[in-house]
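Following: one structure in structure tokens, then a few remarks.
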Amino acid sequence: MKPLPRSFYLRPTLQVARDLLGKHIVRNVGTKLLIGKIVEVEAYCKGDPASHAFRGRTMRNSVMFLEGGHLYVYFTYGMHFCANIVTGKEGDGEAVLIRAVEPLGGIELMTKNRILNHQFHNQQSLINLTNGPAKFCQAFGIARRQNGLDLLDSEISIINGTPIPSKIMKCSSRIGIQHAVEKKWRFYIKGNPWVSRK
DNA sequence: ACCATGATCCGCT
DNA sequence: GCGGATCATGGTT
């Protein structure tokens, strides 16, 4: 399968966020393949006080200002990584956070990755494997090294998956933020068991 | 001081 | 089984 073209990521961020639902994110690890269907995302836009890019470019968020189609990985709460898909043109500073995926392939390695991080000794279920932004990163082995990767030419790519009818797409306020809570910029697939919250 | 989180504990149904 | 409080832990500004 071919990675989605650059043009997919150069469109308005809210549009890209909705269209990412149902797409497959693929991670190459040596000879093995990890595959997840994107089921929950959040958009972070220009002028958005909840966005890491709101106060301008810094060392931490610089990847967010690259051209759409790059991977922005950040470290938070002293122990977790989260991954975003950069959108728009260079300098825009917009991105879409991957909040949850449904594991489709490489589940054994995902489980191993979660256990290696010493944070998967509770509720060791298929749901708990990837139903959150930091859980997804652990399962897929995404950390500092993957910050700035180009999704069109690297060990991580996004390919076409299952088209999601707008009928079963839902939106809500974003999770875990203090500012701009009125923006309904979290999108998810209604009823999918891996969605982190209703 | 503040975090775009996750695991655990505790008090309930 | 749940929902809410609490804590673990370190980088960023």
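First the proteins, then the strands, lettered A, B, ... as listed; each starts at 1.
- At the phosphate of B/dG6, neither OP1 nor OP2 sits under 4.0 Å from any side-chain N or O atom of A/Arg197.
- Between A/Val73 and A/Asn147, the shortest heavy-atom distance links the atoms N-OD1, 2.9 Å.
- Checked against B/dA4, C/dG11, B/dT5, the side chain of A/Ile175 finds its nearest nucleotide in B/dT5.
- A salt bridge is defined here as a Lys NZ or Arg NE, NH1 or NH2 lying under 4.0 Å from an Asp or Glu carboxylate O, and A/Arg6 with A/Asp150 meets this definition.
- Within the structure, a side-chain polar atom (N or O) of A/Arg99 is placed less than 4.0 Å from OP1 or OP2 of B/dT5.
- No hydrogens or angles were tested; on distance alone, nothing pairs the side chain of A/Tyr77 with the base of C/dA8 as donor and acceptor under 3.5 Å.
- Summarising the geometry, the separation between CZ on A/Arg55 and P on B/dC3 is reported as 9 Å, rounded to the nearest angstrom.
- The residues A/Lys89 and A/Glu67 are annotated as not salt-bridged, no charged nitrogen and carboxylate oxygen being separated by less than 4.0 angstrom.
- If you check every strand for non-hydrogen atoms under 4.0 Å, A/Ala134 touches sugar and phosphate atoms only.
- Stretches of at least 3 consecutive Watson-Crick or G-U wobble pairs, with each checked distance under 3.5 Å, appear in DNA chain B as B:1-3 with C:10-12, B:5-12 with C:1-8.
- The interatomic distance linking A/Glu42 (CD) with B/dC3 (C1') rounds to 14 Å, in whole Å.
- Considering only the side chain of A/Gln178, B/dC3 comes nearest among C/dG11, B/dA4, B/dC3.
- Shown here is A/Arg11, whose CZ atom has more than 12 heavy atoms of other residues, nucleotides or ligands within 6.0 Å.
- The side chain of A/Met79 lies closest to C/dT9 when the candidates are B/dG6, B/dA7, C/dT9.
- At the phosphate of C/dT12, neither OP1 nor OP2 sits under 4.0 Å from any side-chain N or O atom of A/Thr58.
- The nearest whole Å value for the distance from the OH atom in A/Tyr74 to the P atom in B/dC3 is 12 Å.
- In this structure, A/Arg144 satisfies the cation-pi test against A/Phe75, with its NZ or CZ atom closer than 6.0 Å to the six-membered ring centre and inside 45 degrees of the ring normal.
- An OP1 or OP2 oxygen of B/dA4 is reached within less than 4.0 angstrom by a side-chain nitrogen or oxygen of A/His52.
- Contact annotation for A/Arg144: backbone-only contact, meaning every heavy-atom pair under 4.0 Å involves sugar-phosphate atoms and none involves a base.
- A salt bridge (charged side-chain N to carboxylate O under 4.0 Å, His left out) with A/Asp48 is found for exactly one of A/Arg55, A/Arg174, A/Lys183, namely A/Arg174.
- Aromatic rings from A/His52 and A/Tyr74 are positioned such that their centres are separated by under 6.0 Å.
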